[in-house]
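These notes concern the structure reproduced below.
Chain letters run A, B, ... following the sequence lines, proteins first, then strands; residues in each count from 1.
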Amino acid sequence: MDLKNLLSYLDNYGELRLQHNSDSFIVMSNGRVVNNYSSRNRGFSARAYSGREWGFSSTSTLGEKEAKRAIQRAMDNAKFLSSRSGTSNLILPSRPIVLEKDLSTTKSILSVKEKTEYIAELNNYINKKYKDIASLTVMLLEESTDKLVATTDGSYFHTIIPRSYLRCYFTMKNDNEMITEYCVLGGLGNFEDYADNLEQFYADIEDTYKHLINKKTAVFADSGYNDVILGSDVTGILAHEAIGHTTEADLVRNGSIVRNLMGKQVASELVNLVDVPHTYQGKLCPRPVFVDDEGVEPITANIIEKGILKSYMHNKESAQLFGVQPTGNARASQYSDEPIIRMRNTYIEPGQSKLDDMIKSIDNGYYFMKPSNGQADSTSEFMFGVVRGYEIKNGKLGRALKETTISGVAVDLLKTVTAVSDDLHASGAGNCGKKQSIPVGYGGPALKCKINIGGK
Amino acid sequence: MNIKLIAKTGLKKLETMGVEKAFVSAYKYTNMELQTEFEEIGLLREVDEIKVEIRIIHENKTANKRMTISGLEDLEEAVKQVVETAKHSLEDPAFSMAKNTHLKAHYGIVEADKDKMYSLLEKFLKEKKEKYPEIKESSSIVFSRYEYYGVSNQGSKIIESNGYYSIKTIYTAVKDEKSSSLNYKFGLTKDLPDNLLEFQGLGKQYEETIEQIDQRIFTDKFEGDVIFSPDTVDMLVCSLTPELGGLNLVEKTSIFYDKLNEKILSDKITLVATPSNPKLALRNLVSQDNYLTEYGKVIENGVLKRFNVSKYVSNKTDFEHSNIPLNYYEMDPGEVTLQDMIKDIKKGILVNRISSGNPNKNKDFSGIVKNSYYIEDGEIKYPISEIMITGNIVEMLNNVVSISQERENRGNAILPWVRCSNVLVSGK
């Protein structure tokens with residue numbers, strides 16, 4: 001299918017996309033393969049603009065005839081709406097790009113047999129070394145997104161972005177209860193890129209096991225407002241949930257708390273928050289976006305600078321309405337989805353402090369290290385689960401904590417930040433569930449702040 | 001493309017390759033969505049999709065593959081991949097596939113009424129602007145329809161079709177510099193309502209959300225009564241579902257493992273699996289291994305009566321095969337009206353929504369309450385914010401004081417309000 005040729009069938013602004021998502025997982029539970037599943041979602045879509053309305057159409061049947069039918073239907077849908085609304089055309093901003101980027105492995109592709117053998121090897125290593133684990137699940141998840149897009153304003157790109165993770169879940173009996181821990185290994189790229197060197201993960205696994213043992217004597221956190229250190233992983237999810245969502249321009253237009261705070265102090269001046277498309281400090285981000293799905297060459301959105309709100313995240317339409325440049329934040333999850341404003345790699349930037357010094361500075365508080373899921377609100381109230389954490393007593397780490405929830409109002413919490421560590425850890429293992437589930441990256445340093453805890 | 005032809009062609013290819021047990025299903029899926037945003041109907045989206053799903057068991061090894069297909073030529077690729085995957089899986093004689101399951105079920109709507117969908121949204125936007133100008137929302141009406149054909153070499157044939165609407169609104173109330181918490185309403189229905197603001201009490205929910213612009217920051221900490229709304233009851237029940245069947249029984253890690261026929265929750269709670277419930281827009285008539293699902297009381301008056309045991313789990317354990325998935329279910333109503341429930345509370349909260357992390361294995365959890373109210377001396381006093389509730393879900397559902405007569409049909413479940421005592425509530 002020649003997308004460039006097909007563009008001529010559009011009578012106004014439009015985008016054509018050929019997209020192929022594939023994912024697979026192999027789940028080994030206590031040495032047995034209990035699930036061995038793969039899926040592929042492939043199709044063509046067209047999005048057409050008329051007045052200020054969008055028509056969208058997609059099909060899983062590929063071929064020029066079906067593509068033309070989808071294009072016509074998208075245009076008909078847009079006109080169905082614009083003829084009833086009577087709105088006149090909005091001229092959308094443009095920053096087209098022509099690009100080809102393929103991050104697939106260059107190594108030989110492993111067969112299912114070989115992948116299962118590698119997982120079994122890791123499973124056996126863990127079982128042999130840590131004999132007191134009651135239950136072990138090792139899961140290999142692989143996914144890849146292949147997009148070919150052409151737009152009427154001159155963008156044409158083809159990107160293939162894979163990611164691959166090994167998730168290890170440990171369960172241990174502890175008197176009358178079960179305690180759990182997990183680790184996520186891997187990242188951007190294919191399993192083939194690291195399968196023959198699983199020893200590189202043994203240190204992470206050892207670390208996870210130690211935290212599991214510490215949970216045997218875990219205590220509940222005290223509920224209430226406390227001094228805390230948020231570890232890098234937790235800061236990352238804070239950047240995404242707490243501030244990130246409130247600064248997506250569609251949520252701003254729908255009444256987010258930051259709608260009237262542009263140019264105002266929303267955080268301590270130690271806090272800088274950015275949403276990065278693909279490269280940060282010379283390193284590729286865990287979820288790189290080289291072009292967004294409207295064909296916009298993406299730029300970093302400098303959302304907070306020295307505590308001051310400086311930018312929202314935009315697609316073409318919101319950029320036009322706000323009178324700014326689009327930031328390249330429009331993404332679609334599957335071929336059958338329309339692009340909407342999404343975060344890419346959202347970071348709080350590193351500062352100057354050392355983590356050890358930050359812990360020493362707290363007499364009575366907590367160190368939260370590992371999050372589970374999280375949710376945000378348009379008021380900037382957020383919550384996320386914390387599955388790994390420790391007491392801090394007199395500047396030292398104490399007992400482990402049972403799972404808890406932390407929450408706050410981002411525009412208040414970020415003003416309580418008094419130290420930011422000088423390192424950054426980023427993760428791309430998460431998905432964001434705003435209408436369409438899509439992979440996102442997030443990261444940050446450790447932060448010292450005050451937060452509300454759900455304890456006992 | 002004909003889904004019957006796709007499924008039969010796929011099966012034939014697998015039989016030619018000598019696969020012992022194979023089930024091939026094809027489905028055609030269409031979806032039409034009208035979406036409002038920023039006070040306009042801004043998107044009309046249509047999706048057509050054909051997918052095939054293959055599951056095989058050969059020499060006691062299993063694999064699944066699902067993919068969109070463009071033509072019969074794609075089947076060749078799908079079949080080869082699934083056979084290759086199974087070949088290199090680990091062997092387990094417990095894997096199973098039902099024999100001779102026959103099902104033909106057609107229900108729901110056949111075609112979307114696009115003009116009615118549009119007029120409903122147009123009317124909704126106009127009325128909302130007049131009556132609830134503070135509400136900023138993004139809403140959609142989606143019509144979904146699927147046709148499904150599945151066939152196996154074990155004598156099974158499954159034909160199903162369904163069409164339904166889903167109505168969703170995500171919104172916040174905004175006034176000057178203040179805004180309420182985000183709230184949402186999501187429901188499935190077989191028939192379009194005449195007025196969206198009357199759909200499952202949406203207009204009333206908008207009124208409450210506008211009130212919640214002036215929510216008060218709560219600073220107290222107490223152990224008291226909490227009334228959980230149907231939305232939050234669903235969340236609590238769903239957290240228990242993994243313990244009521246599945247691999248947790250094989251690994252003996254379910255927290256209810258040895259509690260069959262014992263009391264695990266309050267005697268006021270009865271949970272019934274209703275996978276073919278005509279009152280619900282969705283149904284789950286056949287399990288993944290092709291056994292027909294069953295109606296059944298999972299928990300009766302607090303006593304665990306049955307686990308959801310697939311044939312695989314049954315083969316691995318001493319539990320009897322019992323196909324009662326809890327994805328579509330009902331909780332029996334109680335005897336008290338919601339109004340009387342509130343009147344009876346000296347100090348507590350009414351929780352409409354919870355934002356929380358996943359509970360741990362023991363079901364300890366804490367979460368922020370949203371769109372919720374403080375109750376004192378039998379009256380709703382004011383909307384509250386920045387409150388956390390903490391507890392153990394099993395303990396909470398053992399401390400049930402009462403269950404409401406009224407229930408809400410959420411499309412996947414029919415649920416009442418539930419009042420629990422001794423829940424830790426802590427404010428800022």
Which of A/T180, A/L261, A/N30 touches chain B most, by non-hydrogen pairs under 4.5 Å:
A/N30
Report the option among B/A63, B/S138, B/G367, B/S181 that has the most heavy-atom pairs separated by less than 4.5 Å from atoms of chain A.
B/S181
Quiz item: cation-pi between B/K128 and B/Y206, 6.0 Å / 45°
no
Heavy-atom proximity to chain A below 4.5 Å, by part of B/Y29:
neither
Any chance CG of B/D258 has more than 12 other-residue heavy atoms, nucleotides or ligands included, within less than 6.0 Å?
yes
B/K316, part contacting chain A, at a heavy-atom distance under 4.5 Å:
side chain
Closest-packed option against chain A by number of heavy-atom pairs under 4.5 Å, given B/K136, B/M67, B/K178:
B/M67
Against chain B, work out which of A/S372, A/S82, A/S378, A/G385 has the most heavy-atom pairs shorter than 4.5 Å and name it.
A/S378
So does B/K61 have more than 12 non-hydrogen atoms from other groups sitting under 6.0 Å from NZ?
yes
Using the benzene-type ring in the case of Trp, are the ring centres of B/F186 and B/Y184 under 6.0 Å apart?
no
For B/E134, is it the side chain, the backbone, both or neither that has a heavy atom under 4.5 Å from a heavy atom of chain A?
neither
Given A/T171, A/N260, A/T116, the one with more heavy-atom pairs under 4.5 angstrom with chain B than any other is A/N260
Give, as side chain, backbone, both or neither, the part of B/T62 having an atom under 4.5 angstrom from any heavy atom of chain A.
backbone
Which atoms of B/E137 come close to chain A, meaning under 4.5 Å heavy atom to heavy atom: side chain ones, backbone ones, both, or neither?
backbone
Measure from the ring center of B/Y312 to the ring center of B/F95 and say whether it is less than 6.0 Å.
yes
Hey, which of A/R73, A/M178, A/R32, A/E338 has the most heavy atom pairs under 4.5 Å with chain B?
A/R73
Side chain, backbone, both or neither: which part of B/M1 has an atom under 4.5 Å from a heavy atom of chain A?
side chain
Contacting moiety of B/S180, where chain A heavy atoms sit under 4.5 Å
backbone
Side chain / backbone / both / neither for B/E39 at chain A, heavy atoms under 4.5 Å:
neither
Closest heavy-atom pair and its distance - B/V82, B/I56
O-CD1, 3.7 Å
